[in-house]
*Asks:* 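Next up is a structure, given as structure tokens.
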2 protein chains.
Amino acid sequence: MNLNRTSNEQETILKFLKEIQSYSPLEDHSEKALANICFTQKVGKNEVLQEIGKTCKTIYFVMEGSARIFYLKDGLEITEYFAFKNDLIVRAESLFKSLPSNKGIVSIEETLFVGIPSNALFSLFDEFHDIERLFRILIQTVYLETIKRLESIQFQTAEERYKGLFENHPEFIQKIPLKHIASYLGITQVSLSRIRAGIS
Amino acid sequence: MNLNRTSNEQETILKFLKEIQSYSPLEDHSEKALANICFTQKVGKNEVLQEIGKTCKTIYFVMEGSARIFYLKDGLEITEYFAFKNDLIVRAESLFKSLPSNKGIVSIEETLFVGIPSNALFSLFDEFHDIERLFRILIQTVYLETIKRLESIQFQTAEERYKGLFENHPEFIQKIPLKHIASYLGITQVSLSRIRAGIS
DNA sequence: CTGATTTTTTAACATTTGTAAAAAGAATAC
DNA sequence: GTATTCTTTTTACAAATGTTAAAAAATCAG
């Protein structure tokens, strides 16, 4: 156990370890090794966690709060992904290819993350088969989510997607500016306003 | 080595093993174990490889030819994915969740596949860390491709997507009916015809 | 080769979504 | 609490895409 941690930090990391083992369990020694490389990070509202242009070297989990991945298109922010409690948030193409990312990560509200340095994690993959398995299954899971999202954006109307989003995540509408939701849905803010007007 | 194989089959499987190890190399004994569970399958044009409604239990690689994954929406076929030479083709949500798939796989032309029974493969994951790693990296790779596709469908016009598709895969237009390309691009056949008329 | 079938294009019109600008509303700073 | 800034809605019009039907072109079977 890392002795530089406060008991709060330690508690967060233990909660995190328990949460991710719902995907695939770890041996005790693997769990300890993973715990050793994790850290916690707390940010305020609308704070940049990872900057555009930098290479992604950390995998984050949201323990409390929410954040989003965005990129710029014609000078405007496009939101690609929202992460809530217990979601993974990572700029995958940059992480897996070790290339600078054209995307950034910002918090939506005050948010507590657990971070895992990717180089240290990849070293643990060599040593602990079960850690690599856990992350293989995590990647599988986000892959399936991405396929679902692709299907929804390809073959549902904007209105269907908006409704679907709030069936799964009613908390969205409370805290996220609509312009971000619109770009996430692949439509303009004006179009989203029209949809909202039509529903209520 | 499986003694029931013809030398043609054996050659195909060796070629396959060489090809996938460009993602991550295998130890000799792992490679042999994987070779042992693989099989080859050759189908003619427009033949069903995996039926809608059945649970996916096999991971396929295209060695020669091409195939597509499709599903039905309002009685019409929507093509979700095209696989060409050296591409993986698998109904991921069914495979990873062991649930019946609402998707099917059909060949586009005469096509040679290498198949891997998923249960046997998952057993090899337990025994051979490097096989699980190889497939972890494969899943990573298809995940990144899916993210790219999501971005293109969300923020490019149909015309941009059509042009992009043929920059990457000029062979598409030669052998695939336009109705399948249209549904893959998320547009109607009529719309695709208009785009094609506008370009040439 | 020829008729039947399938695929692709074209046409006319409807609907959805986008763009730009302005107005209304909400949040924030001082 | 008021002014400023940011967010959301509304309006008017433009562009893109969908729908339906028919015509043209290509492919296939015998």
Side-chain angles (χ1 to χ4, degrees), chain A residues 44-48 66 68 70 72-79 82 106-110 150-166 170-200, chain B residues 44-48 66 68 70 72-79 82 106-110 150-166 170-200:
Chain A
K45 186 175 178 177
N46 293 326
E47 265 189 51
V48 174
S66 50
R68 64 194 178 87
F70 72 96
L72 298 176
K73 167 144 177 149
D74 306 326
L76 294 175
E77 277 189 15
I78 304 291
T79 293
F82 290 116
V106 289
S107 61
I108 290 164
E109 58 195 318
E110 186 173 293
L150 182 63
E151 286 171 11
S152 86
I153 214 153
Q154 192 161 16
F155 297 109
Q156 292 186 323
T157 64
E159 182 166 339
E160 286 170 329
R161 273 177 275 148
Y162 177 77
K163 284 180 178 166
L165 185 60
F166 289 106
E171 70 272 27
F172 272 46
I173 206 172
Q174 305 305 330
K175 41 189 169 190
I176 302 175
L178 290 179
K179 63 179 172 184
H180 297 150
I181 295 174
S183 75
Y184 177 79
L185 291 172
I187 57 179
T188 61
Q189 209 174 329
V190 175
S191 201
L192 180 56
S193 260
R194 271 191 289 241
I195 288 168
R196 284 159 57 86
I199 289 173
S200 61
Chain B
K45 188 176 179 177
N46 294 326
E47 265 188 51
V48 175
S66 51
R68 64 194 177 88
F70 72 97
L72 299 175
K73 166 145 177 148
D74 306 325
L76 294 175
E77 278 190 15
I78 303 291
T79 292
F82 289 117
V106 289
S107 60
I108 291 165
E109 57 194 319
E110 185 173 293
L150 182 63
E151 286 171 11
S152 85
I153 213 151
Q154 191 161 16
F155 298 109
Q156 291 186 325
T157 63
E159 184 168 337
E160 287 170 330
R161 272 177 276 146
Y162 176 77
K163 284 179 179 167
L165 184 60
F166 289 106
E171 70 274 24
F172 271 46
I173 207 172
Q174 304 306 330
K175 40 188 166 188
I176 302 176
L178 290 180
K179 63 178 173 184
H180 296 150
I181 295 175
S183 76
Y184 177 79
L185 292 172
I187 57 179
T188 61
Q189 207 173 331
V190 175
S191 201
L192 180 56
S193 261
R194 272 191 289 240
I195 288 168
R196 284 160 57 86
I199 287 172
S200 57

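Source: prediction; values computed, not measured. Residue numbers begin at 1 in each chain, while the letters A, B, ... track the order of the sequences.
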*Asks:* Would a distance-only check, ignoring hydrogens and angles, find a side-chain to backbone donor-acceptor pair under 3.5 Å from A/T157 to A/E160?
*Replies:* yes
*Asks:* Check whether any side-chain heavy atom of B/L72 sits under 4.5 Å from a side-chain heavy atom of B/E77, and report yes or no.
*Replies:* yes
*Asks:* Can you check the A/H180 NE2 to D/dC6 C1' distance for me, whole Å?
*Replies:* 11 Å
*Asks:* Measure the shortest side-chain to side-chain distance between B/L185 and B/I195 over non-hydrogen atoms and say whether it is less than 4.5 angstrom.
*Replies:* no
*Asks:* Mark up nucleotides 16-30 of chain D, 5' to 3', with B wherever a protein heavy atom is under 4.0 angstrom from a base atom, S wherever such an atom reaches only the sugar-phosphate, and - elsewhere.
*Replies:* -SBBB-------S--
*Asks:* Would you mind reporting whether A/Y184 and A/L192 have side-chain heavy atoms less than 4.5 Å apart?
*Replies:* no
*Asks:* Whole-Å distance between D/dT8 P and A/L178 CG?
*Replies:* 4 Å
*Asks:* Check whether any side-chain N or O of A/S183 sits under 3.5 Å from a backbone N or O of A/T79 as a donor-acceptor pair, and report yes or no.
*Replies:* yes
*Asks:* Among side-chain atoms of B/S66 and B/E109, is any donor-acceptor pair under 3.5 angstrom?
*Replies:* yes
*Asks:* What do the steps show when you test B/F70 against B/H180 for side chain to side chain contact (heavy atoms under 4.5 Å, CB included), and what is the final call?
*Replies:* CA-CA 9 Å; B/F70 72 97; B/H180 296 150; over 6 Å; no
*Asks:* Can you name the nearest heavy-atom pair linking B/G44 to B/E47, along with the distance?
*Replies:* N-OE2, 3.0 Å
*Asks:* Could you tell me from which nucleotide to which nucleotide of DNA chain C, 5' to 3', there is an atom under 4.0 Å from chain A heavy atoms?
*Replies:* C/dT17 to C/dT28
